[in-house]
Amino acid sequence: MNTKTVIIAAIALVLLLLGGIVAYQGTIPKETNTTAVAKVPLQNADFKYFEIKTPENSNFTIKNSLNETTKGMVYWKNTGNYSNEVQGISINKNLTNLLIHQNMELISNTTDGKIFESGGIYQIVKTLNDTDIIVTGSDLNLLKEMINSTKIKNTSNLTTPKPITPIEKVVDKKNDDKKTVENKKATTNEPKNTPKEDARKKTHGQIYIGGGIFQTGSGLEDKTHAKIYIDGGNPGESIIIKIKYYRDGNSLNYGNMVTATIHEDGYVYIDSADSYKFYPDKAHIELYDLDGNLQSTQTVTLTPDSSTQYF
């Protein structure tokens with residue numbers, strides 16, 4: 001075999017190999033031709049009420065100080081690795097509507113659970129037995145994998161908040177009829193321009209700050225939202241509250257005195273008067289009754305980001 005024949009044979013072999021490679025690549029799905037995103041390694045974790053797979057070297061600690069047996073909720077915040085991908089996990093009974101932030105929009109409702117999204121942060125809610133699990137973070141696929149690994153254990157100690165029973169008034173029928181007649185006469189003779197009595201109801205006895213939720217939007221125009229539980233108060237009663245926000249020791253607001261009415265869930269909802277240039281890292285709360293008497297104070301340390309934070 002001469003040199004020319006060897007060269008021609010070599011070229012033919014190279015072309016044959018290249019053709020085989022091209023043909024093989026054409027049979028590979030597109031997904032496998034691209035560089036795969038590194039998958040977060042998971043490990044089993046026990047949260048007393050349930051088991052769930054969490055990222056390796058993550059560290060979930062109870063962040064809220066609510067009494068789980070009367071408020072029906074526990075929240076664990078991730079302070080370890082992947083704390084942005086998975087910010088936290090909560091468990092509750094019949095309180096999910098309060099725990100999903102008002103800016104969140106429902107984008108999906110499948111076997112993975114109800115998926116909410118706002119500003120690149122997701123919350124997935126899945127109901128297992130009579131208990132709701134909520135995972136929050138920025139990595140949707142990771143959150144799905146986690147919530148689908150959940151196994152509920154014993155949640156009997158996690159009770160739903162007790163309904164508030166209205167106070168019944170015992171009325172003397174004769175005196176009541178007499179008062180009705182007198183009231184009608186007084187109404188008839190009442191001047192038209194008589195100022196009406198303040199309709200706000202005062203609280204009775206000592207009231208306390210019983211925990212709550214803070215969240216600051218990620219947009220420049222977004223305000224800071226607070227939900228504060230009023231222990232000792234009843235729905236329909238009004239209180240005065242002052243929340244002063246700080247960042248790195250510098251105050252972000254004046255801390256106006258705001259009058260708010262307690263909702264059926266026992267919370268008052270307070271939005272900051274303005275949006276802040278920086279995320280707050282501390283909130284100081286002062287609670288007053290309608291007469292202006294200081295009832296309770298609490299200082300809360302916040303993580304300076306857009307996550308939903310419980311105390």
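Not measured: the values here are computed from a predicted model.
Taking the side chain to side chain donor-acceptor pair (under 3.5 Å) definition, one finds that D132 meets it with T96, T127, sequence neighbours left out. Under the rule for a side chain to side chain donor-acceptor pair (under 3.5 Å), the partners of N154 that lie at least two apart in sequence or sit in another chain are S156. Every residue two or more places apart in sequence or in another chain that forms a salt bridge (Lys or Arg N to Asp or Glu O under 4.0 Å) with K153 is listed here: D46. With sequence neighbours excluded, the residues that form a salt bridge (Lys or Arg N to Asp or Glu O under 4.0 Å) with E145 are K39. Partners of D248 according to the salt bridge (Lys or Arg N to Asp or Glu O under 4.0 Å) rule, which considers only residues two or more places apart in sequence or in another chain, do not exist here. Evaluation of the ring-ring contact (aromatic ring centres under 6.0 Å, His included) rule for F116 yields no partner, not counting sequence neighbours. In terms of the ring-ring contact (aromatic ring centres under 6.0 Å, His included) criterion, residue partners of Y276 (sequence neighbours excluded) are, by chain and number, Y245. In this structure S307 satisfies the side chain to side chain donor-acceptor pair (under 3.5 Å) test together with D305, sequence neighbours excluded. Checked against salt bridge (Lys or Arg N to Asp or Glu O under 4.0 Å), D274 has no partners two or more places apart in sequence or in another chain. With sequence neighbours left out, T136 forms a side chain to side chain donor-acceptor pair (under 3.5 Å) with Q123.
Stacking of K282 on the aromatic ring of Y246 is recorded, both the 6.0 Å distance cut-off and the 45° axial limit being met.
No side-chain donor from either of S306 and S218 sits under 3.5 Å from a side-chain acceptor of the other. Using modelled atom types, one finds a donor on one side chain and an acceptor on the other under 3.5 Å when comparing K126 with N148. At a cut-off of 3.5 Å, with distance as the only test, a side-chain donor of T261 or S238 sits close to an acceptor on the other residue.
Sequence neighbours left out, the pairs with a member in residues 79-91 that pass side chain to side chain donor-acceptor pair (under 3.5 Å) are N59-T79, N84-S138. For residues 279-309, the set of pairs meeting the ring-ring contact (aromatic ring centres under 6.0 Å, His included) definition, not counting sequence neighbours, is empty.
Of the listed residues (L287, I228, V258, T259), just one forms a side-chain contact (heavy atoms from CB on, under 4.5 Å) with V268, and that residue is I228.
Minimum interatomic distance between M146 and P55 (heavy atoms only, all atoms of both residues): SD-CD, 4.1 Å.
Taking the ring centroids of Y269 and H263, they lie under the 6.0 Å cut-off.
No more than 12 heavy atoms of other residues, nucleotides or ligands shown are found within 6.0 angstrom of NZ on K114.
A donor-acceptor pair is defined here as one N or O able to donate and one able to accept, closer than 3.5 Å; such a pair exists between the side chain of K93 and the backbone of T155.
Clustering ILVMFWY residues whenever any of their side-chain heavy atoms sit less than 4.5 angstrom apart, transitively, puts L290 in the very cluster that holds L294.
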